[in-house]
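Read the structure below first, then the notes.
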2 protein chains.
Amino acid sequence: MRDLPIGALSERTGVKVPTIRYYEQAGLMPQAARTEANRRTYSTQDVDRLRFIRHARELGFEVDAIRQLLGLADQPDRSCAEADVIARVHLREIESKLARLTALQAEVQRMIDECAHGRVGDCRVIQVLADHGQCVSDAH
Amino acid sequence: MRDLPIGALSERTGVKVPTIRYYEQAGLMPQAARTEANRRTYSTQDVDRLRFIRHARELGFEVDAIRQLLGLADQPDRSCAEADVIARVHLREIESKLARLTALQAEVQRMIDECAHGRVGDCRVIQVLADHGQCVSDAH
DNA sequence: GCTTGATCCTCTAGCGGCTAGAGAATGTAG
DNA sequence: CTACATTCTCTAGCCGCTAGAGGATCAAGC
């Protein structure tokens with residue numbers, strides 16, 4: 001219920017001031033109440049909401065997904081099936097990124113391992129880049 | 001040595017036409033020779049260079065790193081130590097992304113597993129997002 | 001030669017998710 | 001009353017493209 005200026009909200013949540021304004025603009029945070037001098041004021045509820053947003057971003061949820069999750073969180077009596085779906089879709093995205101990254105890791109590691117540390121002309125790093133056919137997987 | 005228009009280069013490499021122009025602008029591809037009517041023309045060397053670029057992008061190398069790798073590839077007699085360093089730095093970046101993503105995967109998976117499929121008010125997905133303290137790892 | 005449609009040109013603007021800076025108005029401490 | 005910090009709005013930049021406008025040029029068919 002306290003009247004926090006944006007800087008205090010920033011400190012309490014670890015979200016930078018311009019980012020908070022950006023979230024307001026993006027529709028994640030509500031239009032903040034203003035003082036007479038046009039400064040934004042926040043309550044402890046806003047602190048909670050911003051922490052929610054921050055945590056979801058840290059977990060890699062996109063702004064659009066967070067908007068949906070926040071919409072759900074505001075209606076505690078509805079079924080949470082939708083939240084479940086959003087999280088599952090996100091999990092699938094994480095898993096596919098993981099698979100890709102793992103393949104890349106192997107390929108780049110192999111590239112480095114095969115480098116004989118001689119001249120550029122003989123360097124496997126350069127050669128592999130020049131020719132996809134020399135790759136083990138075709139995940140990329 | 002053939003005089004390829006940009007569309008043919010695009011087909012041969014799988015890189016879209018506007019992207020090729022962007023690479024020229026970004027200094028990855030050289031300023032292309034032009035016909036009398038001001039159209040870009042390319043040789044088979046350009047095909048090779050663009051394939052190199054594309055492959056490196058697919059392996060996640062940033063444009064800046066590719067610029068450096070291309071600079072090295074142009075000097076086959078130099079030591080390939082620099083190429084090695086670029087690749088190793090990139091590998092480290094991949095590994096750190098992998099570590100982060102793996103932690104996120106576990107967290108989101110757990111969130112989903114704990115969801116009792118009831119009301120939003122009781123949903124673990126929402127609760128976990130609202131409170132970082134409920135996370136297992138603090139990787140994020 | 002003439003029309004059609006594909007290809008090409010340049011230029012500008014947009015995506016996501018911020019981040020940085022200008023320039024002006026307030027707030028707070030000594 | 002003077003500093004200095006904080007806040008405000010607005011604009012522009014980051015990466016690596018992608019999309020679209022509006023115009024010039026090409027190759028093929030009649």
Side-chain angles (χ1 to χ4, degrees), chain A residues 2-29 31-42 46 50 52-70 86 89-90 93-94 97 100 104 140, chain B residues 2-29 31-42 46 49-50 52-70 89-90 93-94 97 100 104 140:
Chain A
R2 281 162 296 170
D3 277 350
L4 304 167
I6 197 168
L9 178 61
S10 171
E11 272 178 29
R12 259 162 244 253
T13 57
V15 177
K16 290 180 188 160
V17 169
T19 305
I20 297 172
R21 290 196 276 246
Y22 166 76
Y23 285 159
E24 179 177 321
Q25 225 243 150
L28 291 189
M29 289 294 285
Q31 297 282 116
R34 303 288 184 128
T35 66
E36 292 217 335
N38 196 37
R39 295 178 169 219
R40 291 171 179 83
T41 52
Y42 296 96
D46 292 313
L50 188 50
F52 183 105
I53 294 167
R54 188 193 167 198
H55 192 202
R57 285 293 303 135
E58 284 170 346
L59 285 171
F61 284 89
E62 290 177 12
V63 163
D64 193 59
I66 298 174
R67 237 189 312 261
Q68 296 175 57
L69 288 168
L70 282 166
I86 294 169
V89 167
H90 182 51
E93 283 163 8
I94 291 175
K97 274 188 200 164
R100 263 188 62 83
L104 296 198
H140 55 275
Chain B
R2 280 163 296 172
D3 276 351
L4 303 167
I6 198 168
L9 178 61
S10 171
E11 273 179 28
R12 259 161 245 252
T13 57
V15 178
K16 290 181 188 160
V17 168
T19 305
I20 297 171
R21 290 196 275 246
Y22 166 77
Y23 285 159
E24 178 177 323
Q25 226 243 155
L28 291 189
M29 290 294 286
Q31 298 281 116
R34 303 287 185 128
T35 67
E36 292 218 336
N38 196 34
R39 296 179 168 219
R40 292 171 177 84
T41 52
Y42 296 96
D46 291 314
R49 189 177 180 97
L50 188 49
F52 183 105
I53 294 167
R54 187 192 166 197
H55 193 202
R57 285 292 305 135
E58 284 170 345
L59 286 171
F61 284 88
E62 290 178 13
V63 164
D64 193 59
I66 298 174
R67 236 188 313 258
Q68 296 174 56
L69 288 168
L70 283 167
V89 167
H90 182 51
E93 283 162 9
I94 291 175
K97 275 188 200 163
R100 265 187 61 85
L104 296 198
H140 54 275

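Sequence lines set the chain letters: A, B, ... in the order given, protein chains first and strands last, and positions in each chain run from 1. These numbers come from a predicted model, not from an experiment.
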Let's test your reading of the model: under 3.5 Å, does the base of D:dT7 pair with the side chain of A:Arg40 as donor and acceptor?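 Checked by distance alone, the answer is no.
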base_contact_polar (D:dT9 base, A:Arg21 side chain, donor-acceptor, <3.5 Å):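 Answer no: no donor N or O sits under 3.5 Å from an acceptor.
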Find the distance [X]:[atom1] to [N]:[atom2] and express it as a whole number of Å.
{"X": "B:Ile20", "N": "C:dT10", "atom1": "CD1", "atom2": "P", "answer": "13 Å"}
{"X": "A:Glu24", "N": "C:dG17", "atom1": "CD", "atom2": "P", "answer": "18 Å"}
{"X": "B:Ile6", "N": "C:dC8", "atom1": "CD1", "atom2": "P", "answer": "7 Å"}
{"X": "B:Ile53", "N": "D:dC17", "atom1": "CD1", "atom2": "C1'", "answer": "14 Å"}
{"X": "A:Gln25", "N": "C:dG17", "atom1": "CD", "atom2": "P", "answer": "13 Å"}
{"X": "B:Arg34", "N": "D:dA24", "atom1": "CZ", "atom2": "C1'", "answer": "13 Å"}
{"X": "A:Asp3", "N": "D:dT6", "atom1": "CG", "atom2": "P", "answer": "19 Å"}
{"X": "A:Ile66", "N": "C:dC18", "atom1": "CD1", "atom2": "P", "answer": "8 Å"}

Go through [options] for me and flag the one nearest to the [X] side chain.
{"X": "B:Glu62", "options": "D:dG16, D:dT18, C:dT19", "value": "D:dG16"}
{"X": "B:Ala37", "options": "D:dT18, C:dC18, D:dC26", "value": "D:dC26"}
{"X": "A:Pro5", "options": "D:dC26, C:dG17, D:dT7", "value": "D:dT7"}

Looking at [N], I'd like to know if its phosphate oxygens (OP1 or OP2) sit under 4.0 Å from a side-chain N or O belonging to [X].
{"X": "A:Tyr23", "N": "C:dC18", "result": "yes"}
{"X": "A:Arg57", "N": "C:dG16", "result": "no"}
{"X": "B:Thr19", "N": "D:dT18", "result": "yes"}

So, do B:Leu50 and B:Tyr42 sit near enough that their side-chain heavy atoms are less than 4.5 Å apart?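 With C-beta onward as the side chain, the pair stays apart.
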Indicate the atoms forming the closest heavy-atom contact of B:Met29 with B:Asp46, along with that distance.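 For B:Met29 versus B:Asp46, the nearest heavy atoms are CE-O, 3.7 Å.
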To check you understand the geometry: which heavy-atom pair defines the closest contact between B:Val63 and B:Leu28, and what is its length?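 B:Val63 and B:Leu28 have their closest heavy atoms at O-CD2, 3.7 Å.
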Kindly say whether A:Ile6 contributes a backbone atom to a donor-acceptor pair with the side chain of A:Arg21 at under 3.5 angstrom?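 Between the backbone of A:Ile6 and the side chain of A:Arg21 there is no qualifying donor-acceptor contact (under 3.5 Å).
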Quick one, A:Glu93 with A:Lys97, criterion salt bridge (Lys or Arg N to Asp or Glu O under 4.0 Å). Give me CA distance, side-chain angles, the key distance, then yes/no. CA-CA 6 Å; A:Glu93 283 163 8; A:Lys97 274 188 200 164; over 6 Å; no
Nearest nucleotide by nearest heavy atom, which residue falls closer to the 5' end of DNA chain C, B:Asn38 or A:Arg39?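 In this pair, the answer is B:Asn38.
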